[in-house]
Amino acid sequence: MTTDAGVVVVMNPGSGGGKVGRFRLVERAGRYGATVRMTGPGQGAAWLARQAIENGAAVLGVAGGDGTVSAVAAVATDAGLPLVVIPAGTRNHFARDLGLDLGDPARALEALGDGEPVRVDLGMVNSHVFVNNVSFGIYAEALLEPEYREAKARTLAAIAPRYLAGQQWVDASVEAPGERIEHPQVVLVSNNAYHLGTPRYLGRRFTLASGLLGAIVFKRPAGPPPPDLFVRLRRDLRRHATGHSAETGIVAWAAAQVHLIVPSIFSLVVIVAMKAGAENRLVGGSARGHTSAPTPSGG
């Protein structure tokens with residue numbers, strides 16, 4: 001039986017166009033005495049992490065994109081183990097908001113030697129962990145399209161008009177402060193709130209330890225959208241980091257839980273909630289009405 005004493009780093013060789021190989025992360029992790037386990041067919045990131053724990057790992061590491069990080073973070077949290085995050089994906093939103101160097105993923109391996117542990121939040125949608133956000137509506141539907149990975153902007157542009165015109169919506173209701181929002185256009189719930197006030201930092205999270213989710217909901221419009229809808233949306237997103245805009249139907253708030261009620265025989269309730277964080281060792285510092293089932297996207 002193999003014994004994984006010390007540190008095991010789960011790496012996704014396909015993430016970020018092959019950053020694991022390009023930055024020689026396997027070799028560099030070995031210099032710190034870490035054992036590397038590579039994802040592949042039948043060997044998902046969460047499975048590898050669980051195997052490492054069963055074999056005696058005391059610290060987990062993960063090199064990959066946000067999806068790979070989410071999978072290993074869930075396992076590390078359940079086991080009460082520290083997690084070293086190595087930003088080897090394409091976007092690396094979680095690692096960016098942790099303050100890691102996205103230009104040189106190998107620098108994160110220094111945490112295996114002298115990293116300082118910090119505690120951060122994780123989000124949960126029912127029993128599934130996410131590190132960034134879970135969404136219902138435009139973005140979630142776009143992710144299901146085969147063309148999305150190669151043509152993100154074009155795919156989103158093809159889907160968005162149906163939602164913005166009120167011809168497609170999320171078949172659910174959302175419990176917002178003081179009201180229940182029926183059939184929203186978009187629901188976005190993030191692990192800690194996104195900054196919306198200034199263009200330079202739009203979409204950043206300046207803390208991952210507030211203990212609160214950030215929620216943004218676009219209400220279904222009563223009529224056709226105005227020609228300057230995108231301008232109004234951008235303006236209101238900046239103004240209403242929390243609050244309500246009657247003009248564009250944006251509602252934003254922060255809470256420890258967000259409830260979505262999905263109509264069905266048994267009326268499914270989707271609960272998005274905060275989860276006690278994993279300990280992370282960081283380096284120094286259309287034309288007719290159509291409903292969209294609330295398929296969440298999360299990472």
Would you kindly confirm whether [X] and [Y] end up in one hydrophobic cluster when ILVMFWY residues are joined by side chain heavy atoms under 4.5 Å apart?
X: Val118; Y: Val69; value: yes
X: Leu102; Y: Leu202; value: no
X: Leu81; Y: Leu98; value: yes

Criterion side chain to side chain contact (heavy atoms under 4.5 Å, CB included) on Val84 and Val7, from CA distance to verdict: CA-CA 9 Å; Val84 176; Val7 183; 5.7 Å; no
Between the main-chain N or O of Val131 and the side-chain N or O of Asn191, is there a donor-acceptor pair closer than 3.5 Å? yes
Using atom types as modelled and distance alone, determine if a side-chain donor or acceptor of Asn192 lies under 3.5 Å from a backbone N or O of Ser210. yes
Give the C-alpha distance, both sets of side-chain angles, the deciding distance and a yes or no for side chain to side chain contact (heavy atoms under 4.5 Å, CB included) between Asn55 and Val8. CA-CA 10 Å; Asn55 292 333; Val8 175; over 6 Å; no
For Arg91, does the CZ atom have more than 12 heavy-atom neighbours from other residues, nucleotides or ligands under 6.0 Å away? no
Side chain to side chain contact (heavy atoms under 4.5 Å, CB included) evaluation trace for Val187 with Val217: CA-CA 5 Å; Val187 179; Val217 175; 4.3 Å; yes
Which atom of [X] lies closest to which atom of [Y], heavy atoms considered:
X: Ala34; Y: Leu112; value: CB-CD1, 4.2 Å
X: Thr68; Y: Ser15; value: OG1-OG, 4.0 Å
X: Asn126; Y: Met124; value: O-CE, 3.4 Å

Could you give the distance from CZ (Arg205) to OH (Tyr194), rounded to the nearest 0.5 Å? 4.5 Å
All N/O donor-acceptor pairs, side-chain side in residues 16-26, below 3.5 Å, sequence neighbours left out:
| residue | atom | partner | partner atom | Å |
| --- | --- | --- | --- | --- |
| Lys19 | NZ | Gly89 | O | 2.8 |
| Arg22 | NH1 | Gly17 | O | 3.2 |
| Arg24 | NE | Glu27 | OE1 | 3.2 |

Would you indicate whether the side-chain heavy atoms of Asp171 and His183 approach each other to under 4.5 Å? yes
Is the shortest side-chain heavy-atom distance between Val134 and His128 below 4.5 Å? no
Test side chain to side chain contact (heavy atoms under 4.5 Å, CB included) on Val174 and Val258; report intermediate values, then the result. CA-CA 8 Å; Val174 184; Val258 177; 4.2 Å; yes
Under a single-linkage rule joining Ile, Leu, Val, Met, Phe, Trp and Tyr whose side-chain heavy atoms are separated by less than 4.5 Å, which residues share a cluster with Phe206? Tyr201
